[in-house]
Amino acid sequence: MRLALVASGTYFSEYGGGQIYVRQLARELCNRGIDVHVLAVEQGAHTEARQPVPVDDSGVRVWRIAMHPDVAIATSRVIAQTAGAIGEAIGSIAPNIVHAHGWKAATARATYDLSLPCFITAHHGGIVCPNGMLMDHHERLCHVPTSPAACIRCATHFVPAGQIWNWVFSALPASRRTALANRCRTLPSIPYFTPALKVPLSVADKLEEIASISLPDCRVIAPSIAIERALLRNGLSRSQVMLLAHGSALPRVATNIRHNPDTKLRLGYIGRIDRVKGLHVLIDALKIMPDPGAFVLHVFGAAATRRELRYFNQLKHRSSGLPVIWRDKLAHERISEAYADIDVLVFPSICTEAFGLSVAEAVLAGKTVVTSRCGGPEDIVRDGVDGFIVNANDSAALAQRLQQLVVDRSLLVPLGHVAPHVLSVDAHVDALLDLYRRSEARFTTTAPA
């Protein structure tokens, strides 16, 4: 079997769990004897081109497709343009199956034109949400379908002077909003104006993306029940959506360390330094805990964008006086070092999480997990067994649960704790290969003579 995986951005990046997952998956499939080609579609290049020779990554062949820097949002033109580049690369590779982890709408269009089976994995809420977070303007999880009426107010909330722009858009008919936004597509960027004026287009473009991934012979894999529900309420058919959790590898963590009630409880946060991950909620929870000398928080992560850097600086100021140790982000092959240094993983996300890689790894490592009620982690953490679940964006509830663990160490998961419900990488790949082979057989059977 020859497989083409379509990835977004640099294949070797470890910015988020999705990037780590794709590389791990590609290598494991290659180990199973699958001829794996990765199409890494990157923005920021000056010309559209595909490198003539692939990079070898432990047997995986990685092709770089460079897109023009103006390719920023999934308009009809951009989807067609990117679909053309992806389609050309797929045509030269001639795979049996195409599986998109990035550039999903363009890949769906390309495979439809080539009459190839297409799988798409939803790594985050952006598959149906214009903001990419499935979180509304009140910073609550979103449970409504994508539409201008529902999404424009949320989208303007996340741009400068959002309340004013929401009032402006509310006063304009839909046709005027769209016309105004279209004029901004080619204008130079103007602070405060350009991001807001493009909001109506981001909603319209997302609806077009949803229509693309709904094309026949396209199957969308949801890593969690929350993402499965989001896909179904946005019009994908039951036959198109498949629930399959990501596979997780067991971190190599020392298991002979016992919890000493006389030492500080070691809390840990592992992940991106981004507001939607809720680290500020955790800091606020620590502020109201009665004894700061009874715990220490290790933060393993880094800020990558300008917005994340601003948030990072705010967090440092907010946590002044608290026992917080800001540690660098670890490469994934060293992630076991982080789990070895903590007793409890805290996952305080306020957006809808598609999965939760660090949560699954922590459970497999035998660490207690305290997570917010935020989608994917709810499928992993059995409340009271693998850890505890609290309401998202509720620092008081989080503080109460953490204080219970500080006071009563018997609430921590016991040594030798097992989690048979967490899918291994091997089991996940077995399930994927079964889906691939069934789809390949169906296409072979129905192909015209």
Side-chain angles (χ1 to χ4, degrees), residues 4-9 15-26 38-39 41 74 79 82 86 97-112 117-135 141-146 151 202 205-215 217-248 272 276-277 349 351-360 374-380 423 428-429 431-432 435-436 439:
L5 300 178
V6 181
S8 180
Y15 177 67
Q19 286 86 350
I20 294 169
Y21 166 87
V22 171
R23 194 173 181 195
Q24 188 179 59
L25 173 65
V38 175
L39 306 181
V41 185
I79 290 176
T82 313
I86 292 173
I97 301 287
V98 179
H99 190 161
H101 300 272
W103 298 94
K104 303 171 184 68
T107 304
R109 293 283 182 87
T111 53
Y112 180 73
C118 176
F119 289 87
I120 290 172
T121 293
H123 288 284
H124 52 76
I127 194 165
V128 293
C129 173
N131 288 325
M133 300 173 285
L134 281 173
M135 181 179 76
L141 303 190
C142 176
H143 300 291
V144 299
T146 300
C151 299
S202 71
D205 293 335
K206 185 56 62 178
L207 290 170
E208 184 166 352
E209 286 187 76
I210 293 170
S212 295
I213 65 172
S214 302
L215 287 168
D217 300 317
C218 207
R219 301 291 179 266
V220 185
I221 296 172
S224 63
I225 293 171
I227 295 298
E228 179 188 43
R229 290 172 177 166
L231 291 165
L232 293 174
R233 69 172 173 260
N234 276 283
L236 275 77
S237 68
R238 177 69 272 178
S239 62
Q240 282 187 295
V241 179
M242 295 168 290
L243 179 64
L244 176 61
H246 290 339
S248 302
R272 287 191 292 121
V276 299
K277 297 297 183 179
S349 184
C351 68
T352 302
E353 294 286 346
F355 181 62
L357 177 63
S358 61
V359 172
C374 61
E378 297 175 73
D379 298 350
I380 302 168
L423 209 60
H428 175 76
V429 172
L432 266 183
L435 291 174
Y436 292 162
S439 182

Worksheet, complete the sentence: By side chain to side chain donor-acceptor pair (under 3.5 Å), D379 pairs with (sequence neighbours left out) none

Worksheet item: Of the non-hydrogen atoms in A110 and I86, which two are nearest, and what is the gap between them?
Response: CB-CG2, 4.4 Å

Response to the item:
Residue set satisfying salt bridge (Lys or Arg N to Asp or Glu O under 4.0 Å) with R272, at least two apart, ordered chain then number -> D274, E308

Response to the item:
For G102 and T107, the nearest pair of non-hydrogen atoms, with its separation, is O-OG1, 3.9 Å

Practice prompt. Look up atom CD1 in I227 and atom CG in L232, then write down how far apart they are to the nearest 0.5 Å.
Written response: 11.0 Å

Practice prompt. Drop me the distance from C129's SG to K206's NZ, to the nearest 0.5 angstrom.
Written response: 7.5 Å

Worksheet item: Do H123 side-chain atoms and A354 backbone N/O form a donor-acceptor pair below 3.5 Å?
Response: no

Worksheet, complete the sentence: To the nearest 0.5 Å, atom OG of S202 lies from atom CG of L207 at 9.5 Å

Discussion item. If the condition is side-chain contact (heavy atoms from CB on, under 4.5 Å), which residues does L236 pass it with, not counting sequence neighbours?
Written reply: I210, I213, S214, V220, L231, Q240, V241

Worksheet item: Distance from I97 atom CD1 to L435 atom CG, nearest 0.5 Å?
Response: 9.5 Å

Worksheet item: Should we count CZ of R229 as having more than 12 external heavy atoms under 6.0 Å?
Response: no

Discussion item. I'd like to check the side-chain contact (heavy atoms from CB on, under 4.5 Å) partners of C351; sequence neighbours left out, ordered by chain and number.
Written reply: M133, M135, V276, S349, E353

Worksheet item: Going by the angle between their ring planes, with limits at 30° and 60°, are H99 and F119 parallel, tilted or perpendicular?
Response: tilted

Worksheet item: Is a donor on one side and an acceptor on the other found under 3.5 Å between the side chain of W103 and the backbone of T82?
Response: no

Worksheet entry | Exercise: identify the closest heavy-atom pair between S212 and A108 | O-CB, 3.4 Å

Worksheet, complete the sentence: One should read off an interatomic distance between T146 OG1 and L134 CG, to the nearest 0.5 angstrom, of 7.5 Å

Discussion item. Checking C218 against I120 for the side chain to side chain contact (heavy atoms under 4.5 Å, CB included) test, could you report, in this order, the C-alpha distance in whole Å, the side-chain angles of both residues, the deciding distance, and whether it holds?
Written reply: CA-CA 7 Å; C218 207; I120 290 172; 3.5 Å; yes

Item to complete: Would you sort out whether L432 and L25 count as a side chain to side chain contact (heavy atoms under 4.5 Å, CB included), showing the intermediate values?
Response: CA-CA 10 Å; L432 266 183; L25 173 65; 3.6 Å; yes

Worksheet item: Looking only at heavy atoms, which two atoms of C374 and L141 are closest? And how far apart?
Response: CA-CD1, 3.8 Å

Practice prompt. Please tell me if the side chains of L244 and L423 come closer than 4.5 Å, counting only heavy atoms from C-beta onward.
Written response: yes

Item to complete: For the residue pair S248 and F355, establish whether any side-chain heavy-atom pair is separated by less than 4.5 Å.
Response: yes

Worksheet item: What distance do H246 atom NE2 and T121 atom OG1 have between them, rounded to the nearest 0.5 Å?
Response: 6.5 Å

Fill in: side chain to side chain donor-acceptor pair (under 3.5 Å) against K104, all qualifying residues, sequence neighbours excluded
none

Fill in: Non-neighbouring partners of E228 that pass salt bridge (Lys or Arg N to Asp or Glu O under 4.0 Å), sequence neighbours left out
R238

Worksheet entry | Heavy-atom closest contact (L243 atom, P223 atom, distance) | CD1-C, 4.3 Å

Worksheet item: Taking all atoms of both residues into account, what is the closest heavy-atom pair of A26 and V38, and its distance?
Response: CB-CG2, 4.2 Å

Practice prompt. Test T111 against D217 for side chain to side chain contact (heavy atoms under 4.5 Å, CB included), laying out the working first.
Written response: CA-CA 9 Å; T111 53; D217 300 317; over 6 Å; no

